[in-house]
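For the single chain, residues carry numbers from 1 onward in sequence order. Counting convention: from 1, in listed order, for ligands and their atoms alike.
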Amino acid sequence: MAAHRRPVFAANWKMNHGPTQAKTFLSEFLVRYAARDDRTVILFPPSITLAAAREGVRARRDIALGVQNVHTADKGAFTGELSAALAADAGAAFVLVGHSERRHVFGETDAQAAQKCARVVEHGLTPVLCVGELLEQRERGETEAVVLQQLRMGISMLAPTAARRMLVAYEPVWAIGTGRTATPDDAATVHRVIRDALAEQVGVEALDIPLLYGGSVTAANAATLLEADEVDGLLVGGASLDAAGWATICST
Ligand code: PGA
């Protein structure tokens, strides 16, 4: 990772930790992880837990919050959905867009990811665009093409000024929740491809865009992954659910 980019540690709780568990989690995590200004920590709780998480981190300006998904519309008759406007009002600063579970479990398209990034930016929030290939795509040698397509489409509705403020997370689908992590070299190779594509789209400021790696990150492999070229942070699912473990990862 480059010295001028502050590392980002992002916790994707997925459908875990309701308000009660979040309170318990935070009371332990905040004791174990003292505020530091050389890194960014972001929690993505379930949206129903956002208010409790916000209350829990009230005294800690160093911890940011986000939501795991938003709808493409701002408001309307979309039962069960959540808009970027609502997320902003509830205290979110970041939004995961195009997470692989959204793409592959819920059938989200690149076009929807593009619309979501646009809505997120319109409401003053920061998108974390997630990209990554399936195992069969990697085996067919399509990793680069898949990732570039998701990236270029995902940012296609953003002005360069907005794209420069976003984050990108590379999460190979075969590494998510499987215990199988990409090697630091695998991650660095794809991150370089992403960085070059971003530079083409937004210019030299692409050097400031944090590129996160995600997929079976643990306290044991976090440091090695962060040492890889172009890996500026980690997006962590399973290993972010335990307060002590997450505090260790954030202290890497
Ligand atoms: P994992 O999930 O760390 O449990 O593999 C990462 C993610 O899906 O963001």
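Here the straight-line distance linking atom CG of Leu134 with atom OG1 of Thr143 works out to 10.0 Å at 0.5 Å rounding. For the atom pair Arg103 CZ and Gln150 CD, the distance stands at 4.0 Å (nearest 0.5 Å).
Close contacts of ligand 1 with Gly177, meaning ligand atoms under 4.0 Å from a residue heavy atom, involve 1 (P), 4 (O), 5 (O). Every atom of ligand 1 is numbered from 1 in the order shown, and the set under 4.0 Å from a heavy atom of Leu235 is 9 (O). Of all the atoms in ligand 1, the ones that sit under 4.0 Å from a non-hydrogen atom of His99 are 7 (C), 8 (O), 9 (O). Taking every non-hydrogen atom of Gly215 and a distance limit under 4.0 Å, the qualifying atoms of ligand 1 come out as 5 (O).
At the top of the distance list for atom 3 (O) of ligand 1, counting protein heavy atoms only, stands Gly237 N, 2.8 Å. When only non-hydrogen protein atoms are considered, atom 2 (O) of ligand 1 lies nearest to Lys14 NZ, 3.3 Å. Of all protein heavy atoms, the one closest to atom 4 (O) of ligand 1 is Gly238 N, 2.8 Å. The shortest contact between atom 7 (C) of ligand 1 and any protein heavy atom is with Glu171 OE2, 3.1 Å.
In this structure, Arg152 and Gln201 have side chains that are in contact, with non-hydrogen atoms separated by less than 4.5 Å.
Of all the heavy atoms of Ile176, the ones lying under 4.0 Å from any atom of ligand 1 are found in both the backbone and the side chain.
Looking only at atom types and distance, the side chain of Gln68 has no donor-acceptor partner in the side chain of Trp13 under 3.5 Å away.
The aromatic rings of His191 and Tyr170 sit perpendicular, their planes meeting at an angle over 60°, well past the 30° parallel limit. Ring pair Trp246/Phe9 is perpendicular by interplanar angle, where above 60° counts as perpendicular and below 30° as parallel.
Evaluated for a side-chain contact (heavy atoms from CB on, under 4.5 Å) with Tyr33, the options Thr248, Asp62, Ile249 yield exactly one hit, Asp62.
Under a 4.0 Å heavy-atom criterion, Gly214 is not in contact with ligand 1.
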